[in-house]
Visitor: 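Here it is: the structure, laid out below.
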Amino acid sequence: MFRRSERGCAAPRQVTVWLDGQPCQVPDTLSVAAAVLHLHGWQGYRRHHDGSTRAPLCMMGVCQECLISIDGRPNRQGCLEPVYEGMRIERQQGERHAD
Amino acid sequence: MPTNARPTEIAIVGAGPAGMAAAIRLAEAGLRPVVFDLNAIPGGQIYRQLASPQVDARIMGQEYLRGRELLAAFDRAAIDYRPDSRVWWTQREDDGYSLGVLQHGRTQHWQARRLILASGAMERGWPFPGWQLPGVMNAGAAQILLKQGALLPETPPVLAGSGPLLYLLAWQYLRAGRPPQLVLDMASPSSRYIEPLRRPRGAWLGRGYLAKGARMIAALRRAGVPVRRRVDGLQAEGGEAVERVRYRHRGRWHVQSTGLLLGHFGITPEPQLARSLQLAHAWHHSQQCFLPSRGPTLQADESLWIAGDGGGIGGALNAEREGRLAALAVLDTMAENATATPSEEAQALRRARRRDLAARPLLEAMFRLPDDWLSTQPDTTLVCRCESVSRGELESAIAQGGAGPNQLKAFTRCGMGPCQGRQCGESVNRLLAGRLGQSHDAVGYYHIRPPVHSVTLGELATAQQQ
Ligand SMILES: Cc1cc2nc3c(=O)[nH]c(=O)nc-3n(C[C@H](O)[C@H](O)[C@H](O)COP(=O)(O)OP(=O)(O)OC[C@H]3O[C@@H](n4cnc5c(N)ncnc54)[C@H](O)[C@@H]3O)c2cc1C
Ligand code: FES
């Protein structure tokens with residue numbers, strides 16, 4: 001869905017995150033939600049209670065559509081948490097909202 | 001107040017231009033304010049990631065770079081800056097404000113004698129059919145991806161809505177070599193051409209903005225990007241995600257295939273902290289939203305000031321000025337022999353602020369959204385995304401006697417979800433105002449109670465253990 005521009009950009013420092021158990025290299029400036037959109041697009045974001053697919057809307061902490069499991073803690077706001085080396089991210093695929 | 005609270009003379013929420021400028025000015029006067037911001041680096045929305053830019057300045061534009069001086073001064077000053085810190089709760093006390101701050105999974109309690117809210121703005125929630133589909137994002141969200149990691153859409157997106165940010169993003173994508181496939185300008189048509197003529201003074205003061213907007217649109221047109229104006233219908237369609245956009249232009253519906261629709265319908269103050277403190281708000285006709293009420297020194301309550309776009313949309317330079325003005329007002333209240341007449345510095349800032357704000361009504365008129373939009377959308381259009389409450393359900397709850405936002409919330413769960421009504425609060429107000437024939441102010445808004453950011457029980461528990 002989103003790809004890194006080749007034009008006129010600083011070379012980013014990469015970190016390795018584990019997304020659903022797979023190691024992936026991503027720029028260290030990204031939030032978790034940005035990294036997932038970059039790697040897999042909207043696929044696999046948590047579903048809504050009514051079963052419909054949903055994905056991040058705002059990327060700044062407003063909409064809560066980016067909830068994802070980080071280092072074993074479920075329902076973290078992915079757009080507000082920067083990635084770091086060794087982070088484990090599990091997409092809460094198919095899971096419904098937990099409140 | 002909890003006994004383990006950390007005391008501070010002055011706390012600032014937000015490290016955007018307003019919060020940074022306030023902190024710098026206070027530090028100049030020898031104070032050491034505490035600045036909380038939920039992001040990992042300072043800058044706020046406009047200067048996001050400018051501290052280690054990912055995108056070439058030629059793509060982002062000069063206004064982005066303008067923030068470097070402010071960031072450098074913020075970095076140099078003696079400020080207790082606390083990144084990754086979400087203020088999730090605040091309450092008025094006899095001698096200031098209690099704050100609950102979540103940092104790295106731990107809650108801290110702070111006690112501030114004085115508080116400056118500089119928490120900025122957010123993109124307006126604007127319901128249209130299919131806006132809940134994956135592949136529909138806010139244009140500002142896409143711009144965050146660009147700033148954060150130089151991320152560009154893989155396939156050319158459709159941009160739709162109204163506001164300077166829509167054209168700014170289209171232009172930035174163009175500069176980055178990945179122009180949008182279509183721009184749908186949805187500003188309310190009647191105002192656009194008439195307003196500048198009715199406000200020659202505003203047009204003169206706003207000429208910089210006007211010229212810039214015109215240059216961006218011309219650049220898009222030269223690059224062959226179709227810009228459709230006066231679009232008055234928008235729908236996103238698809239199965240699991242958006243596949244096409246349907247839009248109405250000059251009375252006819254058109255279809256455009258796309259996997260990414262970036263919508264932007266202007267920005268409004270981020271309301272949660274001001275609302276949870278039960279501050280007075282009033283509907284602003286021209287900005288088409290509620291603003292917290294502030295006095296001439298930006299004071300909103302005892303020992304409380306609101307600076308920047310969180311108090312009303314005035315842009316980044318105005319936010320910076322307001323930050324400094326709020327700092328001066330704070331210093332005034334701390335001075336031994338406070339004088340009633342504002343200092344020369346304050347007077348100059350106020351003059352500059354007045355001049356800049358005088359240009360806003362023109363911009364607001366040009367980008368005005370149709371007031372009757374929601375009532376013309378299909379019944380099934382979701383108003384509350386979190387709880388999937390449609391316009392039709394809200395209408396029937398109103399017909400059955402739902403007479404205010406809090407009653408509608410109780411009847412339908414609208415606004416009860418995790419975003420706490422930030423996406424639907426003003427839509428519900430509009431629907432009620434229209435149906436009941438009341439003013440926006442008479443209808444009012446949801447009661448907002450803390451936590452204004454989600455906290456888990458585990459995170460709450462850490463507060464007791466410090
Ligand atoms: C997504 C988006 C993109 C924008 N991009 C541009 C642009 O490119 N150019 C432009 O001219 N204008 C842009 N704007 C407009 C912007 O509002 C202003 O230009 C400017 O950033 C306002 O400055 P500010 O200091 O008032 O608020 P902001 O810059 O928004 O800063 C507010 C800060 O407060 C923090 N905050 C909010 N609530 C809390 C809390 N509870 N706890 C802790 N921290 C909190 C936020 O994370 C943020 O860092 C954008 C607005 C949005 C919403
Ligand atoms: S994407 Fe909206 S809260 Fe994270």
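Keep in mind that the numbers below use all heavy atoms, side chains included, and drop hydrogens, waters and symmetry copies. Computed from a prediction, not measured in an experiment: that's the story for all the values here.
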Visitor: Between the side chains of Q25(A) and T16(A), does any donor sit under 3.5 Å from an acceptor?
Guide: yes
Visitor: Which residue out of R385(B), R422(B), M122(B), Q132(B) racks up the most heavy-atom pairs below 4.5 Å with chain A?
Guide: R385(B)
Visitor: Rounded to the nearest 0.5 Å, how far apart are CD of Q54(B) and CG of L145(B)?
Guide: 12.5 Å
Visitor: For R244(B), what residues pass the salt bridge (charged side-chain N to carboxylate O under 4.0 Å, His left out) criterion, not counting sequence neighbours?
Guide: E237(B)
Visitor: Counting heavy-atom pairs closer than 4.5 Å to chain B, which one of P27(A), A34(A), S31(A) comes out on top?
Guide: S31(A)
Visitor: List in chain and number order the residues that pass side chain to side chain contact (heavy atoms under 4.5 Å, CB included) with L39(A), two or more places apart in sequence or in another chain; answer none if no residue qualifies.
Guide: L19(A), C24(A), V26(A)
Visitor: Taking side chain to side chain contact (heavy atoms under 4.5 Å, CB included) as the test, write out the residues that go with N138(B), two or more places apart.
Guide: L57(A), C58(A), E123(B), A141(B)
Visitor: Within 45 degrees of the ring normal and closer than 6.0 Å to the centroid, is that where the cationic atom of R68(B) sits relative to Y47(B)?
Guide: no
Visitor: Any luck finding a side-chain donor-acceptor pair between T258(B) and Q181(B) under 3.5 Å?
Guide: yes
Visitor: Side chain from CB out, backbone as N, CA, C, O: work out which of these in Q49(B) comes under 4.5 Å of a heavy atom of chain A, or both, or neither.
Guide: side chain
Visitor: Which bit of Q423(B) is near chain A, if near means a heavy-atom gap under 4.5 Å: side chain, backbone, both or neither?
Guide: side chain
Visitor: Quick one: do the Q77(A) and R86(B) side chains pair a donor with an acceptor below 3.5 Å?
Guide: yes
Visitor: Hey, are R4(A) and E154(B) close enough for a salt bridge, meaning a charged N less than 4.0 Å from a carboxylate O?
Guide: no
Visitor: Counting only non-hydrogen atoms closer than 4.5 Å, does L152(B) touch chain A with its backbone (N, CA, C, O), its side chain (CB onward), both, or neither?
Guide: both
Visitor: If I measure from the heavy atoms of chain A, does R175(B) come under 4.5 Å with its side chain, its backbone, both, or neither?
Guide: backbone
Visitor: Heavy atoms under 4.5 Å from chain B: which residues of residues 78-88 of chain A carry them?
Guide: L80(A), E81(A), P82(A)
Visitor: Which one of G125(B), G140(B), G149(B) has the most heavy-atom pairs closer than 4.5 Å to chain A?
Guide: G149(B)
Visitor: Which atoms of S52(A) come close to chain B, meaning under 4.5 Å heavy atom to heavy atom: side chain ones, backbone ones, both, or neither?
Guide: neither
Visitor: Taking atom types as modelled, find out whether Q420(B) and Q272(B) have a side-chain donor-acceptor pair closer than 3.5 angstrom.
Guide: yes
